[in-house]
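Chain naming here is simple, since letters A, B, ... match the order of the sequence lines and numbering starts at 1 in each. On a predicted model such as this, the values are computed, not experimentally measured, just so you know.
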2 protein chains.
Amino acid sequence: MGGNGAGRGFDHEKILELNGEGENGSTKSIPPCCKKAIAAMPESEAKCHATVVSGWFSESRLYSDKMGKLLYYNNPMWPGEAHSLKVEKILYQGKSDYQEILVFESSAYGKVLALDGIVQLTEKDECAYQEMMAHLPLCSIPSPKTVLVVGGGDGGVLREISRHSSVEIIDICEIDDLVIDVCKKFFPDLSVGFDDPRVRLHVGDAVQFLRNAPEGMYDAIIVDSSDPIGPAQQLIEKPFFETIAKALKPGGVLCNQAESLWLHTHLIQDVLSVCRQTFKGSVHYAWTSVPTYPSGVIGFILCSTDGPPINFLSPINPIEKQKGALNFRRELRFYNSEIHRAAFALPSFARRELSSLIRA
Amino acid sequence: MGGNGAGRGFDHEKILELNGEGENGSTKSIPPCCKKAIAAMPESEAKCHATVVSGWFSESRLYSDKMGKLLYYNNPMWPGEAHSLKVEKILYQGKSDYQEILVFESSAYGKVLALDGIVQLTEKDECAYQEMMAHLPLCSIPSPKTVLVVGGGDGGVLREISRHSSVEIIDICEIDDLVIDVCKKFFPDLSVGFDDPRVRLHVGDAVQFLRNAPEGMYDAIIVDSSDPIGPAQQLIEKPFFETIAKALKPGGVLCNQAESLWLHTHLIQDVLSVCRQTFKGSVHYAWTSVPTYPSGVIGFILCSTDGPPINFLSPINPIEKQKGALNFRRELRFYNSEIHRAAFALPSFARRELSSLIRA
């Protein structure tokens, strides 16, 4: 994922300041020893980042409220749970105009990219997300030629699109060029995607880009966005999907990051409902395992515009039959045609909640 | 899961004691303020359990080493990562002859059962584990009559087996009767499984039980064990599988809890390899999403003995065609025949590592 983050970062200094003694007598709810423990935490212990406590990174994390009370930050997208990773070394931290960017080496999942404190990718499991995101749509249409990626500044989805030799143009619209630069430095296995001469990079706002895109330009549009809180909220609203539908060819397809079946059923229902109104072809939900995402899964909404019918459930353009695709730049790690078909099997609880919104 | 835990618990008092000042001068590596912060933590804050810090439960957790240094406990089965749940209320804590038992109300996943600090089930996602564990084997054989469950003291797998009206005998061998009692009190939706008159409870060691089981007694054996560290180690060794194969009818099936594809490939290879030697029919690996298990997935090894061939990939005895099965006691929440077939689709990395050990 990448781009359009939500500005939810806390910085270490702010935590220390909020935990400082004296000011306006609001500190009685933290035992002084706790405040001291935090203030006294050596840099080597804190590893210089607010999300890293005692050498562990966590998406939910210690902070203090206005009254100075020490609390855990509860991410509003997945309240009440947190996944933590042991940090070997912080490799980069910086702030762009849009978000806080953190790169660290974890002991269990290799290098990790976090934006505003939320894990976007890890070296160990990025294969599942990037490969599914690219090949679910591109293997469902006969011979994709023009593809647009929204977000995806890490380059991983580009790398996967490159496996398709039928593709002639890969446009990417990423709002945050610092994400691109940081990934080029620390995630060369992903940013290699930018090296393809078919790639045309547009740094800017995707909403604007799509408003100006030529009608019927793309065979596939892949929305690789961060969670829909803050600026990315626009990316799940009807006007945005309407510009996507307009920019797609007849029978063109959209693949949109679509959260967790376990945690976000209502959000998924809302987005599916908007997609059903906007896209006149098929509307489907697929999902896969990504251990470092909340609840360990991520979903994809797949839609097609009016035109030649698309059967997402059975890839018409199987990756195994495309010359050189399995090993282009690197071996496919996760995706295959069997996993493609399996991704559309929904648990019974999800079937009950989503099936009326799905259209074959 | 249940039973045969590994005694990896730490108790709160022990942590306080290890963090105490003075003794043998070993405390210099913890800043005194940190030690005080822990010692001063009010009961209401700690919520009375070592795994619960600032109101959050975590499988990896703060403790101190012999030198008094404050460390995170790194579970050897999933080093370097941890899933944490916000605790609303601790409902039960106790210690049996085998393990430490903890029940708490979480804000995100309902009630949670942890054995030796490891999440065994939560109300929100237990459906995925219990339903897959029971129906993957039982829907793969024509008309199961006799079933044995090893472990499974919570009763959830029994509840699922009960949906199959062909079943006449459900034996269960659970080592820890305190787990059964605690679940009867706090998890009535699972322990309802024990109310079925077909259930025969045997409290004791499964290794012993299987040694004495009549040859060719069972159509299906389901091993619902905890992780193979400590006593449960025996449950992944060849002699144990040999007693299972002997206790099964020709064409009888085993379903064995089999960890995470993302984390435990070598362990899975080892167990598959033992199973290939022991079971002369099919040997397969299936997997599913369970958010509160490490890496968010859990696997199942499915094997059949010499006899009528079993095609695990396509359920011959679909749950949808069994009268009353979908709604017996409660609606199926996760499993259906499509999810059954999808569970055998392996990511490319896993195919490469496991396919030579799988036998159709």
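Atom CD of B/Glu88 and atom OG of B/Ser106 lie 8.0 Å apart (nearest 0.5 Å).
Only the side chain of B/Arg352 has a heavy atom closer than 4.5 Å to any heavy atom of chain A. When heavy atoms are compared at a cutoff of 4.5 Å, B/Ser289 approaches chain A by way of both its backbone and its side chain. Residue B/Leu326: no heavy atom, backbone or side chain, is found under 4.5 Å from chain A. Using a 4.5 Å cut-off between heavy atoms, A/Arg351 touches chain B through its side chain atoms alone. The part of A/Leu346 that comes within reach of chain B is its backbone (N, CA, C, O), which places non-hydrogen atoms under 4.5 angstrom from that chain.
For the 3.5 Å distance criterion, the side chains of B/Ser337 and B/Glu320 qualify, holding a donor opposite an acceptor.
A/His135 and A/His164 have tilted rings, their planes meeting at an angle from 30° to 60° on a 0 to 90° scale. Using the six-membered ring where Trp is involved, B/Tyr293 and B/Tyr129 have ring planes that are perpendicular, over 60° apart on the 30 and 60° scheme.
Among the candidates A/Leu332, A/Leu261, A/Thr288, the residue making the largest number of heavy-atom pairs closer than 4.5 Å to chain B is A/Leu332. Per-residue counts of heavy-atom pairs under 4.5 Å with chain A were compared for B/Leu85, B/Leu263, B/Val297, B/Asn336; the largest is that of B/Asn336. Counting heavy-atom pairs closer than 4.5 Å to chain A, the top residue among B/Gly296, B/Ser295, B/Ala343 is B/Ser295. Listed options B/Trp287, B/Tyr109, B/Tyr335 were ranked by heavy-atom pairs under 4.5 angstrom with chain A; first place goes to B/Tyr109. Counting heavy-atom pairs under 4.5 Å between each of A/Ala342, A/Ala345, A/Ala350, A/Ser348 and chain B puts A/Ser348 at the top.
With hydrogens and angles disregarded, a donor-acceptor distance shorter than 3.5 Å links the side chain of B/Lys124 to the backbone of A/Trp262. Between the side chain of B/Gln269 and the backbone N or O of B/Glu353, at least one donor-acceptor pair lies under 3.5 Å. The backbone N or O of A/Met133 lies less than 3.5 Å from no partner atom in the side chain of A/Glu160, so there is not a single donor-acceptor pair.
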